[in-house]
Amino acid sequence: MPTEADTHYDPSLGNKFIFVTGGVMSGLGKGITAASTGRLLKNAGFDVTAVKIDPYLNVDAGTMNPFQHGEVYVLEDGGEVDLDLGNYERFLGIEMTSDHNITTGKTYQHVIEKERAGDYLGKTVQIIPHITDDIKRRVREAAEGSDVCIVEVGGTVGDIEGMPYLEALRQFAHEEPEENVLFVHVTLVPYSKNGEQKTKPTQHSVKEVRSIGLQPDVIVGRCETELEPATKEKIALFCDIPTDAVFSNPDVDDVYHVPLMVEDEGLDQYVLEHFGLAEEALPAGERANEWREVVTTDKEGEVDVALVGKYDLEDAYMSIHESLKHAGFELGVDVNVHWVDADEMADHHRERLRESDAVIVPGGFGMRGTEGKIDAVQYAREHDVPFLGLCLGFQMAVVEYARNVLGLEGAHSAEMDAETPHPVIDILPEQYEVEDLGGTMRLGGHTTVIEPETLAYELYGDTSCNERHRHRYEVNPEYFEQFEDEALVFSGTAGNRMEILELEDHPYFLGTQFHPEYSSRPGHPSPPFLGLVEAALEARDADANEHEVTH
Ligand code: GLN
């Protein structure tokens, strides 16, 4: 039985493109719908990639506030990109590059640089054709080597910022044979007060799409439930597409079930037929089915994990939430994540820590919330609660240990306290001269050497690992020896850099300077997360036993 999709790019098929736009409002999950369709095409044997277009003027997502845009996702090549790329990587099981996130900042910067270099000499440089040509070039280049490329345009049709992209995609489709391009429009189908599915918002939004010269081939209606046949017919009639090109996208409990729903609806089959790929696809019985097996694992029981962060917003820590789910799939357990406000480590928050089976302190920047994070580390360390510290969480674990075990009073990270007498976390030497904030951190995949006979070695099962980074500060080498004299061990290093820490006298206490959450996938959970959830399960069971004995 095939497990993980075994795809191969077949150049003779020619690149196919799925252009995905959104209507009515943003946040409908069009990226998940697109990624799910892509996953099914991959299961059918095709090589699938994706491009996310973000029509903002930022060059990349690196300087953006997670509260507005959700987490900054980090790619292997160091690209700091929109979190949707994380979904594409997780759903398609691929590794993308920065070139797969097109932003207005990147496009304009490139065109303006070319103008200054004199490349357009004599010409007036304009949005059409110069910006649109650059967009088309980027889409073509990103699609190279794949059978199908999904191109998702962020925002909603009608946004001023998105116009050059829609025009570029219109031209692109004009230049390609018809069967190579499929336009998918994802809209909202709300219920009226008297329980009727309303198609007017969809009609208006498709009207808007058509006014800029695009005609959707497929319409996907996001709705609380499945679209009724009458609703589909109405949408088909007013939006001028066949009824069988209208698909439902009802609410599901878990985003990982969306591919199963898309399959039931037959959207993948429709896409294959449109592209003339139905014949090339693996027969239904031979398609990879690992995904379905993984995401429908039976769950027995649950564990509670406290996430001590600054933002009460799931998207701000999306990859962490996903990594915990992946570990939950593997271990057959539901992982409930409880946000604990790092900024206000009041008693009721401490109560949350007490009620949890594990604690995570995630990455972050700046002073706000750091004392609360240090408090949480201390609680986990002293009470034998399984702990995972990620990047800033790793750094705060070092600070906590320095202050409370080594007795280095006032120890801190130089990022938070430039005057600290003990800068146990200090700026990376290569950052001394760096002034710009965009794209200048230590970014992307780097190798960590792992010490044998350590927890890290047990988790990774190897003497090295490659994980993604995003930081400007690190453990100050002047303090290594003081730490290692006690129970703290730096079990992962990269030359002079401390990458992983663990405590010898604790059930599970691990910190990583890198971000393992970016490489966790359903079916391939990240080792530090898997270890944490396993330890949480043990802690929960031990608690339950103790409870039985005392009662
Ligand atoms: N602010 C810290 C640094 O720059 C940690 C970064 C992070 O958590 N991603 O090193």
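Indexing begins at 1, ligand by ligand and atom by atom, following the structure's order.
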List the steps and the verdict of ring-ring contact (aromatic ring centres under 6.0 Å, His included) for Y88 and H100.
CA-CA 10 Å; Y88 285 113; H100 291 245; 9.8 Å; no

May I ask you to identify the nearest protein heavy atom to atom 4 (O) of ligand 1, giving residue, atom name and distance to one decimal place in Å?
R472 N, 3.0 Å

The protein heavy atom nearest to atom 2 (C) of ligand 1 is E415 OE1, 3.2 Å

Side-chain donor or acceptor of K106 paired with backbone N/O of S98 under 3.5 Å
yes

Aromatic rings F91 and W291: how do their planes relate, parallel, tilted or perpendicular, breaks at 30° and 60°?
tilted

Would you please classify the geometry between the F329 ring and the H326 ring as parallel, tilted or perpendicular, with 30° and 60° separating the classes?
parallel

Before accepting this row, confirm whether a basic side-chain N of the pair R403/E371 lies closer than 4.0 Å to the acidic partner's carboxylate O.
yes

Could you tell me, atom by atom, which parts of ligand 1 come under 4.0 Å of a heavy atom of C391?
5 (C), 6 (C), 7 (C), 8 (O), 9 (N)

Starting from atom 5 (C) of ligand 1, locate the nearest protein heavy atom and write down its residue, its atom name and how far away it is, to 0.1 Å.
G364 O, 3.4 Å

Protein contact to atom 10 (O) of ligand 1 [nearest heavy atom, distance to 0.1 Å]
Y473 N, 2.9 Å

Looking at atom 9 (N) of ligand 1, what's its closest protein heavy atom, distance included?
R470 O, 2.9 Å

Relative to each other, are the rings of Y379 and H383 parallel, tilted or perpendicular (30° and 60° limits)?
parallel

Location of contacts on Q395 toward ligand 1, heavy atoms closer than 4.0 Å
side chain

If you measure every N/O of Q513 against every N/O of ligand 1, is any gap under 3.5 Å?
no

Is a salt bridge present between D254 and K325, judged by a nitrogen-to-oxygen distance below 4.0 Å?
yes

Would you call H515 a ligand 1 contact, heavy-atom distance under 4.0 Å?
yes

Can you sort out which atoms of ligand 1 are near G363, meaning under 4.0 Å from one of its heavy atoms?
8 (O)

